[in-house]
Amino acid sequence: MDAHKLEGTDRDQALEALTGHGWTLVEGRDAITKRFVFGDFNEAFGWMTRVALVAEHMNHHPEWFNVYKTVEVTLTTHDMGGISNLDVALASKMDRFAG
Ligand SMILES: C[C@H](O)[C@H](O)[C@H]1CNC2=NC(N)=NC(=O)C2=N1
């Protein structure tokens with residue numbers, strides 16, 4: 001997928017959709033974040049595994065932190081110094097996989 005930094009109304013619309021699904025902007029950097037809470041570690045790590053395969057296929061990788069059944073995710077496009085269409089695509093995959 002071709003990466004481009006989101007700007008203007010494209011960005012506004014994407015952020016509006018994401019915040020409707022529990023994503024928020026990170027303070028002090030151009031990134032989005034969400035905390036996913038699963039039933040147990042098995043569910044959390046299973047989800048991470050499914051996301052990891054997609055992320056590798058996209059060549060777009062999350063920053064994430066897992067403790068037991070909780071995964072805190074931050075998405076940004078390091079190469080562009082901000083939020084791109086790839087972050088939006090990966091965020092929606094994560095939401096879909098989390099059911
Ligand atoms: C060299 C490699 O293609 C780049 O470093 C890719 C890998 N995964 C990436 N993931 C994310 N989130 N942002 C990037 O800019 C990025 N760049």
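Read the numbers this way: they start at 1 and go in the same order the structure lists the ligands and their atoms. Computed over heavy atoms, backbone and side chain alike; hydrogens, waters and symmetry mates excluded.
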Kindly say whether Val71 contributes a backbone atom to a donor-acceptor pair with the side chain of Asn66 at under 3.5 angstrom? no

Expected output: side-chain His60 to main-chain Glu56 donor-acceptor under 3.5 Å: no

salt_bridge(Arg29, Glu63) N-O dist < 4.0 Å: yes

Under-4.0 Å salt bridge between Lys5 and Asp87: no

If we number the atoms of ligand 1 from 1 as shown, the ones under 4.0 Å from a heavy atom of Thr77 are 13 (N), 15 (O)

Ligand 1 atoms in contact with Thr76 (distance to a heavy atom under 4.0 Å): 11 (C), 12 (N), 13 (N)

Using 30° and 60° as the class limits, which term best fits the ring planes of Phe36 and Trp23: parallel, tilted or perpendicular? perpendicular

In the protein, what heavy atom is nearest to [atom], and what distance, to one decimal place, separates them?
{"atom": "atom 8 (N) of ligand 1", "answer": "His61 ND1, 2.8 Å"}
{"atom": "atom 17 (N) of ligand 1", "answer": "Asp79 OD2, 3.0 Å"}
{"atom": "atom 2 (C) of ligand 1", "answer": "Asn59 ND2, 3.8 Å"}

Ignoring hydrogens, tell whether any protein atom lies closer than 4.0 Å to atom 6 (C) of ligand 1; use the non-hydrogen atoms only. yes

